[in-house]
Amino acid sequence: MPSARIYARSEHVISRALISDNALKVLYRLRKANYQAYLVGGCVRDLLLGREPKDFDVVTDAHPDEIRAVFRNCRLIGRRFRLAHVHFGDEIVEVATFRGLNDDGEGNRQHGRDGRILRDNIYGNIEEDAWRRDFTVNALYYSIHDFSVLDFVGGMDDHKAGILRLIGDPEQRYREDPVRMLRAIRFAVKLGFTIHPSCAEPMPRLAHLLEGIPSARLFDEVIKLLLSGYSLQTFEELRHYKLFGLLFPETEQSLAREADDFPLVFLAKVLERTDERIQQNKGVAPFFLFAALLWEPVRILANAKMKKGDTDVYAYQEAASEVLNRQVRSVAIPRSISLTMREVWTLQPRLERIKGLRPFKLIGHPRFRAAYDFLVLRAETGEAEPELANWWTRFQGADEAERKVMTREGSNGLRTGARRSGTRRRGPRKPKAKKET
Ligand code: ATP
Ligand code: MG
């Protein structure tokens with residue numbers, strides 16, 4: 001190991017007590033089979049911060065077939081990057097072979113016309129493996145042989161200084177894989193690190209390269225960005241670096257309309273709630289987040305359709321289809337999610353009908369609760385009638401007799417008359433009733 005700086009066990013804070021038993025088993029078993037074995041990537045970075053890693057990645061000089069020979073509970077996966085998954089019940093430890101830098105000329109590394117790496121299965125040694133990783137702090141190796149940390153790229157100094165820096169020439173590394181721009185934002189926000197100026201500067205310029213990334217991969221990245229527990233800050237950074245518009249073009253357009261701050265206030269609120277829920281270990285439904293992200297484009301389009309004479313529910317259905325069809329070109333929201341988003345959207349106009357038997361039917365709808373939560377957020381941020389949201393809050397808490405009174409035709413169901421969809425207040429209003437989402 002020629003050029004690594006080695007941090008001995010006494011010079012870093014990583015202790016085996018913080019490493020999962022299964023990851024340790026994998027490391028020890030590889031060592032016993034006379035292979036090299038290291039933890040690398042996010043887990044080392046997080047362990048150095050004293051945080052519990054979300055998963056453990058192992059690298060070794062054993063090739064995939066050799067890895068499989070060592071572990072019974074192992075499956076080889078991936079085409080773009082071939083690697084092994086060692087299964088322990090719910091936990092998977094990912095084991096990869098050191099990757100090399102040089103093309104072997106046999107098509108094991110394929111570049112697209114734009115310089116993107118499409119396939120990468122060339123094996124190498126640990127130092128080569130380090131150089132092809134993305135950020136210096138993601139290229140630290142924890143050795144199971146002597147418990148030291150190996151650093152080929154200055155990652156330890158950057159880690160101490162709280163700097164997120166690409167390995168090598170930033171522009172070239174972004175061109176190879178533009179998703180690294182999204183990763184830069186995700187890690188900087190999550191770790192509280194600063195993106196090194198040389199890596200921050202090219203981003204707005206190169207943001208358009210995200211257009212060349214398969215929409216399914218962008219969906220996976222967007223999920224990580226939104227469910228990080230720091231989605232609000234992430235969203236702001238993505239906008240700052242002009243990346244957000246590549247992911248959600250129509251949302252970005254609606255946010256850019258300066259005269260109108262509702263969409264921004266609404267989105268900020270939804271993301272803030274999401275982060276709170278994640279920090280409290282409560283579940284978050286991706287459909288709700290995506291429904292919120294695309295609400296403004298859908299709402300505007302639906303209103304335009306209603307002006308042309310479409311009925312409200314129909315207008316929302318059509319607007320939903322059009323907006324979703326365009327959206328999936330950049331970020332491929334799967335159908336399982338988009339079907340539920342549509343339900344939340346099309347329930348919004350239906351929630352305005354509070355007379356007669358309709359509310360009784362609506363409250364039994366499988367998506368009623370989500371749609372109601374959505375309405376409350378709209379009301380809290382000034383786009384929907386707070387009285388309408390309050391009406392539904394009261395309706396849910398009411399007994400049969402009270403509900404009958406509330407829904408009687410001609411009764412004053414709302415404290416003030418509900419507005420027709422499409423009309424709304426300017427600017428946020430103070431919420432009257434706060435409701436958990
Ligand atoms: P976390 O899992 O906490 O989100 P991570 O750093 O482990 O963060 P992964 O996506 O699990 O991120 O990747 C594991 C490691 O693989 C990274 O730390 C990095 O070294 C390397 N890596 C991942 N994606 C890329 C990429 N696009 N380009 C270069 N290296 C990458
Ligand atoms: Mg990881």
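Both ligands and their constituent atoms are indexed starting at 1 by order of listing.
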**Item:** Ring-face cation of R29 near F71 (centre distance under 6.0 Å, axis angle within 45°)
**Value:** no

**Request:** For the pair E352 (side chain) and P349 (backbone), establish whether a donor and an acceptor sit closer than 3.5 Å, ignoring hydrogens and angles.
**Result:** no

**Message:** Any salt bridge linking R273 with D373? Criterion: basic side-chain nitrogen under 4.0 Å from a carboxylate oxygen.
**Reply:** no

**Asked** Which heavy-atom pair separates C43 from D57 by the least distance, and what is that distance?
**Response** SG-N, 3.7 Å

**Message:** Within the 4.5 Å heavy-atom criterion, are F244 and L225 side-chain neighbours or not?
**Reply:** no

**Request:** Let me know which protein residues bring a heavy atom to under 4.0 Å of ligand 1; chain then number is fine for ordering.
**Result:** G41, G42, R45, K54, D55, D57, R132, R133, D134, N138, D177, R180, R183, R186, F187, K190, R217

Please output the side-chain donor-acceptor pairs of residues 85-95 that fall under 3.5 Å, not counting sequence neighbours, one pair per line with the distance.
from, atom 1, to, atom 2, distance (Å)
H85, NE2, E94, OE1, 3.2
E91, OE1, N22, ND2, 2.7
E91, OE2, S20, OG, 2.8

